Amino acid sequence: MPNLHYVSPSVGNWRYGLSITAPAGLSKRWNEAYQMHTAEEFTLKVIEINPTASYKVNDQFALGFGLRGVYTDGKVAAIQNPVYAQELTGDSIDFGYNLALSYKPIQDVTFAATYRSKVDLTVKGDANGQISRSLLTHSLADLSTRIPFNTNASVEIPLPASLALATAYTYEKTTVEFVFERTYWSSYKELDFDYGDSVANTVFGTAKLKNWKDANAYRIGVTHQCTDNLKMMLGFAIDKSPTPDSTLGFELPDSDAKLYSIGFEYKVNEKTSVGLAYLYDDKEERTVSNGTVNGTFTDSSAHLLTASLKYKF
């Protein structure tokens with residue numbers, strides 16, 4: 001997923017920027033029959049366009065603000081032969097805002113705060129599939145009788161607000177940064193799909209409780225200027241899961257995680273720099289027994305490789 005960041009030169013005390021990023025998203029697919037009953041596939045892609053402006057009050061203090069334009073594309077599929085099968089696809093464009101401030105009390109110390117508003121992802125699209133009549137009549141004699149549906153569907157999912165507090169200290173050629181971030185996942189109360197077809201809505205339209213909780217993340221990073229052209233970076237983070245045991249499902253079997261990262265940036269010339277970074281996300285083992293999920297998730301991890309190009313003009 002490519003990311004794009006632009007920062008303008010100073011225009012008086014103002015600077016302007018534009019970012020195109022993927023701030024959130026998930027995808028989980030299962031091949032085992034039991035898991036496929038509720039989450040054969042659960043995919044959510046999010047792309048954000050974020051124009052920003054900042055104002056330098058003085059040499060120590062600056063303010064920033066921006067508009068969040070968020071495009072979402074999602075897909076949900078579930079199957080339990082011969083009882084039902086469904087697939088939903090949809091997308092949306094929604095809006096929010098972000099605020100920031102930076103304070104530099106002395107030359108080598110910086111404090112910063114960033115707030116990103118909640119954005120309600122109002123996804124609308126299409127749903128199709130088939131339902132066994134036995135789900136309506138509660139008779140096994142109707143098990144093989146299929147009722148097809150092809151209709152509109154919608155769901156609202158919160159992209160939660162977050163608050164990040166950061167500080168950085170520079171000593172000679174080394175900078176140490178610490179970030180505390182709280183994500184307000186308590187806004188995710190339920191997952192409630194609405195179907196235009198009354199039969200599909202009767203079978204699949206019941207809201208699923210989520211009741212996620214606000215979660216914290218703690219990050220520390222070290223940047224060292226090895227030479228005039230080479231900069232090395234190391235990072236470590238602890239990321240707490242917002243998902244309670246009681247509502248954890250197969251669509252997102254999350255757990256607390258530790259993240260490790262390493263990277264470098266090389267200055268090719270006065271205008272151009274290139275970089276490469278690697279991140280390893282190590283999820284903790286988690287045992288859950290809530291009726292839907294009864295067992296232990298193990299060996300969950302993710303690898304992320306990032307390449308960057310910076311150009312000044």
Side-chain angles (χ1 to χ4, degrees), residues 1 22-49 69-95 119-160 185 187-212 243 247-254 290-294 297:
M1 172 60 69
L26 57 92
S27 184
K28 178 63 70 176
R29 296 177 179 86
W30 292 97
N31 296 317
E32 292 80 7
Y34 180 74
Q35 290 89 330
M36 291 168 66
H37 294 174
T38 55
E40 179 187 7
E41 179 177 350
F42 194 98
T43 298
L44 187 67
K45 302 173 184 177
V46 181
I47 298 174
E48 179 173 337
I49 299 177
V70 181
Y71 172 75
T72 306
D73 180 80
K75 179 180 178 180
V76 176
I79 184 171
Q80 183 180 0
N81 283 322
V83 183
Y84 60 78
Q86 68 161 332
E87 181 178 296
L88 301 89
T89 57
D91 59 9
S92 70
I93 298 176
D94 305 283
F95 297 94
V119 179
D120 288 320
L121 307 178
T122 55
V123 180
K124 298 179 180 180
D126 302 306
N128 63 80
Q130 57 184 13
I131 301 166
S132 168
R133 186 178 292 276
S134 64
L135 290 174
L136 305 176
T137 64
H138 307 291
S139 171
L140 287 177
D142 292 326
L143 182 62
S144 60
T145 303
R146 306 284 193 271
I147 303 174
F149 65 91
N150 191 341
T151 186
N152 61 292
S154 63
V155 66
E156 186 172 299
I157 303 172
L159 183 61
W185 275 114
S187 59
Y188 189 26
K189 302 295 186 184
E190 62 184 20
L191 183 63
D192 187 7
F193 290 93
D194 184 37
Y195 297 79
D197 181 274
S198 60
V199 174
N201 206 52
T202 298
V203 175
F204 299 119
T206 302
K208 298 179 181 179
L209 290 178
K210 293 300 176 181
N211 291 328
W212 284 19
T243 314
T247 64
L248 185 143
F250 288 114
E251 73 276 6
L252 185 60
D254 196 26
N290 61 17
T292 300
V293 178
N294 299 284
F297 294 100

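Given the structure is predicted, the values throughout are model-derived calculations rather than measurements.
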Does the pair N211 and T247 meet the rule for a side chain to side chain donor-acceptor pair (under 3.5 Å), with working shown?
-> CA-CA 7 Å; N211 291 328; T247 64; over 6 Å; no
Problem set entry | Criterion side chain to side chain contact (heavy atoms under 4.5 Å, CB included) on W185 and K210, from CA distance to verdict | CA-CA 10 Å; W185 275 114; K210 293 300 176 181; over 6 Å; no
D120 vs D94, side chain to side chain contact (heavy atoms under 4.5 Å, CB included): CA-CA, chis, key distance, verdict: CA-CA 7 Å; D120 288 320; D94 305 283; 5.9 Å; no
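In terms of heavy atoms, N290 sits closest to L248 at ND2-O, 2.9 Å. Considering every non-hydrogen atom in both I79 and A85, the closest pair reads CG1-CB, 3.9 Å. The shortest non-hydrogen separation linking G291 to N294 is O-ND2, 3.3 Å.
Considering only heavy atoms from C-beta on, I49 stays 4.5 Å or farther from Y71 through its side chain. Annotation: side chain of K189 is not in contact with side chain of P158 (no heavy-atom distance under 4.5 Å). Side-chain atoms of T122 and S154, non-hydrogen and from C-beta on, never get closer than 4.5 Å to each other. Between T43 and R29, the closest side-chain pair of non-hydrogen atoms falls below 4.5 Å. Put simply, the side chain of Y195 reaches to within 4.5 Å of the side chain of L88, judged on heavy atoms. Residues L44 and T72 are in side-chain contact: their nearest non-hydrogen atoms beyond the backbone lie under 4.5 Å apart.
Not counting sequence neighbours, the partners of Y34 by the ring pair (Phe, Tyr, Trp, His ring centres under 6.0 Å) test are H37, F250. For N152, the side-chain contact (heavy atoms from CB on, under 4.5 Å) criterion is met by no residue, not counting sequence neighbours. Remark: D254 pairs with S241, P242, T243, L252, K283 by the side-chain contact (heavy atoms from CB on, under 4.5 Å) rule, at least two apart or across chains. Scanning for ring pair (Phe, Tyr, Trp, His ring centres under 6.0 Å) contacts around F42 gives an empty result, with sequence neighbours left out. Shown here are the side-chain contact (heavy atoms from CB on, under 4.5 Å) partners of K28, two or more places apart in sequence or in another chain: W30, P253.
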Throw together a table of side-chain donor-acceptor distances under 3.5 angstrom for residues 135-143, partners on residues two or more places apart or in other chains.
unit_1 : atom_1 : unit_2 : atom_2 : d
T137   : OG1    : R133   : O      : 3.3
T137   : OG1    : S139   : N      : 3.4
T137   : OG1    : D142   : OD2    : 2.7
S139   : OG     : A141   : N      : 3.3

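Between atom OG of residue S27 and atom NZ of residue K75 there is a gap of 9.5 Å, rounded to the nearest 0.5 Å. Considering CG of N150 and CD of E87, their distance stands at 11.0 Å, rounded to 0.5 Å.
Salt bridge absent: E251 and K208 never bring a charged side-chain N and a carboxylate O closer than 4.0 Å.
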